[in-house]
Number of protein chains: 2
Amino acid sequence: MSNINILIVEDEAAIRGMLTIVLEQAGFSPIAAAEVDSAQKILADTFPDLILLDWMLPGISGVEWARRLKKDPSYRELPIILLTARGEEEDKVRGLEIGADDYLTKPFSPKELVARIRAVLRRSGKLQGGTQIVLGNLILDTEQHRLTIGEKQLDVSPTEFRLMQFFMTHPDKVFSRTQLLDQVWGRSVYIEERTVDVHIRRLRKILGDYGKEELVQTVRGFGYRFSLID
Amino acid sequence: MSNINILIVEDEAAIRGMLTIVLEQAGFSPIAAAEVDSAQKILADTFPDLILLDWMLPGISGVEWARRLKKDPSYRELPIILLTARGEEEDKVRGLEIGADDYLTKPFSPKELVARIRAVLRRSGKLQGGTQIVLGNLILDTEQHRLTIGEKQLDVSPTEFRLMQFFMTHPDKVFSRTQLLDQVWGRSVYIEERTVDVHIRRLRKILGDYGKEELVQTVRGFGYRFSLID
DNA sequence: TTTGAGTGTGACGAATTTATTACAGACTAA
DNA sequence: TTAGTCTGTAATAAATTCGTCACACTCAAA
């Protein structure tokens, strides 16, 4: 269960399905959209680490959308890989001009796709050899599956670990219970929203043992936030 | 100038040549044969450390030869990596049945080839620079096949030894049961995941006799970790 | 102060995951 | 061959985790 989310935007259902399967098998968490409109919605409440974008799309074209995203400060850092039709050299050039991070010419092999994705992620620092997330004196090491606070090791359950991992990679941001369920539990399970509260409680209890209870903050009416600042 | 001899058996001259070059560059000493007959001769008077064997061969097929070798006591230990054509899943299954140590699906990258070869050689103990791995007061000597803790020598079975070897070369890192099976048992065998648990248990028991039971740690939901730290 | 929605908390049973044991077949050395 | 070891698997036990619920508490608007 990687938490590398990849947003696929592709109108052809067959290719979309193929991409989804390939990415899943490669250990990513893909989300697919058929056109820009729904992609935009997904973008709003999920937090993809990379977008795989078809060049030709009905309605707003992929290029056009990419151009917009690259102009938007809050999405500028989000890597985009364009999928172009065979041999349209010109497109490639234009694609890179608008700031796409890579392009891939159809047809491509699954292997190549995954390799390119990894390369881009690595370049943007999201896929690192260094597997540590450091926040203050909190260290979460995904490779060792360890959560330490100062010198002390915290004993957390798998779900708590994933929750912490998500929080620590998105500090200072408020997330609704639904968003947390989507991100930490996965989009495909249905679970009561209140369950999040319980897990938050458990996390706070553990953190509280080390005087760090206030790291997880309640934002009444919205959800929770993880932050070093009060 | 390695003394690792690798016997290549491949009928297509182009691929044979490519393999030879790749292996040479990787520091191995390749010897190539176009079919089983000449391979058999080479086998008789040179002593390869590993065979890279094409699945499809004129005359006796690669599989058939592999099967024979694996039955012959004097060659049983000789690792074999099968080269299979793309997507022939069935072949893989048969490949592992006859006891191949790994398989590689064409086309493959030189990098992957070399990595797999190294892995297999390491697993069979033939690739070791310094033969000792030292961790705390634990010493694992791959050449003498010995595991000592302080002054005491531990009596471990072959599988336990390989498991320890893998753990000691990758300390502090969590591995899933699948990863352990791939790395310690080999990619081409199908074994129940639970079997790992049993071997872990056996290892712990042995280590426990010397007060080192806690070296192998359970990471619930993920797998196991070998670490000197709690 | 009242009221109701939003949140915190402890408990519980079910589900999941891991540990342990026993056993049969394969293999090895004598 | 034979006794003994090694290994994978299945069965069972033990431990942990997880989602829900019921009820207590908070907060803010009226």
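Nothing here was measured: the structure is a model prediction, and the numbers come from that model. Protein chains get the first letters and strands the later ones, always in sequence-line order, with residue 1 at the start of each. Excluded from the calculations below are hydrogen atoms, water molecules and symmetry mates; all remaining heavy atoms, backbone and side chain alike, are included.
- Between B/His170 and B/Phe175, the distance separating the two ring centers is shorter than 6.0 angstrom.
- Taking atom OH of residue B/Tyr224 and atom P of nucleotide C/dT18, one finds them 6 Å apart after rounding to whole Å.
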Inset, instruction - Kindly determine whether B/Asp11 and B/Arg16 satisfy salt bridge (charged side-chain N to carboxylate O under 4.0 Å, His left out), including the steps that lead there. - result: CA-CA 7 Å; B/Asp11 56 322; B/Arg16 201 166 61 232; over 6 Å; no

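- Although no hydrogens or angles enter the test, the distance criterion places no donor-acceptor pair under 3.5 Å between the side chain of A/Gln40 and the main chain of A/Asp37.
- At a threshold of 4.5 Å between non-hydrogen side-chain atoms, the residues B/Arg225 and B/Phe167 do not count as touching.
- Within 4.0 Å (heavy atoms only), A/Phe161 reaches no atom of the nucleic acid at all.
- For B/Asp155, the CG atom counts as loosely surrounded, since its 6.0 Å shell holds 12 or fewer non-hydrogen atoms of other residues, nucleotides or ligands.
- Between B/Leu69 and B/Leu43, the closest side-chain pair of non-hydrogen atoms falls below 4.5 Å.
- Sorted by residue number, the list of members of residues 203-219 of chain A with any non-hydrogen atom under 4.0 Å from DNA chain D is empty.
- Looking at heavy atoms from C-beta onward, B/Asp182 lies out of side-chain contact with B/Gln179 at the 4.5 angstrom threshold.
- A salt bridge does not link A/Lys152 to A/Asp209: none of the charged nitrogens lies less than 4.0 Å from a carboxylate oxygen.
- When the C1' atom of D/dT17 is taken as reference, atom CG of A/Asp155 falls 12 Å away, rounded to whole Å.
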Identify each atom pair where a protein N or O and an N or O of nucleotides 18-27 of chain D are less than 3.5 Å apart, giving names and distance.
residue, atom, partner, partner atom, Å
D/dC18, OP1, A/Thr159, N, 3.2
D/dC18, OP1, A/Thr159, OG1, 2.3
D/dC18, OP2, A/Ser157, OG, 2.4
D/dC18, O5', A/Thr159, OG1, 3.4
D/dG19, OP1, A/Trp185, NE1, 2.9
D/dG19, OP2, A/Trp185, NE1, 3.3
D/dG19, OP2, A/His199, NE2, 2.6
D/dG19, O6, A/Arg202, NH2, 2.7
D/dT20, OP2, A/Glu192, N, 2.8
D/dT20, OP2, A/Thr195, OG1, 2.7
D/dT26, O2, A/Arg220, NH2, 2.8

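- Residue B/Asp197 contributes atom CG, which lies 16 Å from atom C1' of C/dA22 at whole-angstrom precision.
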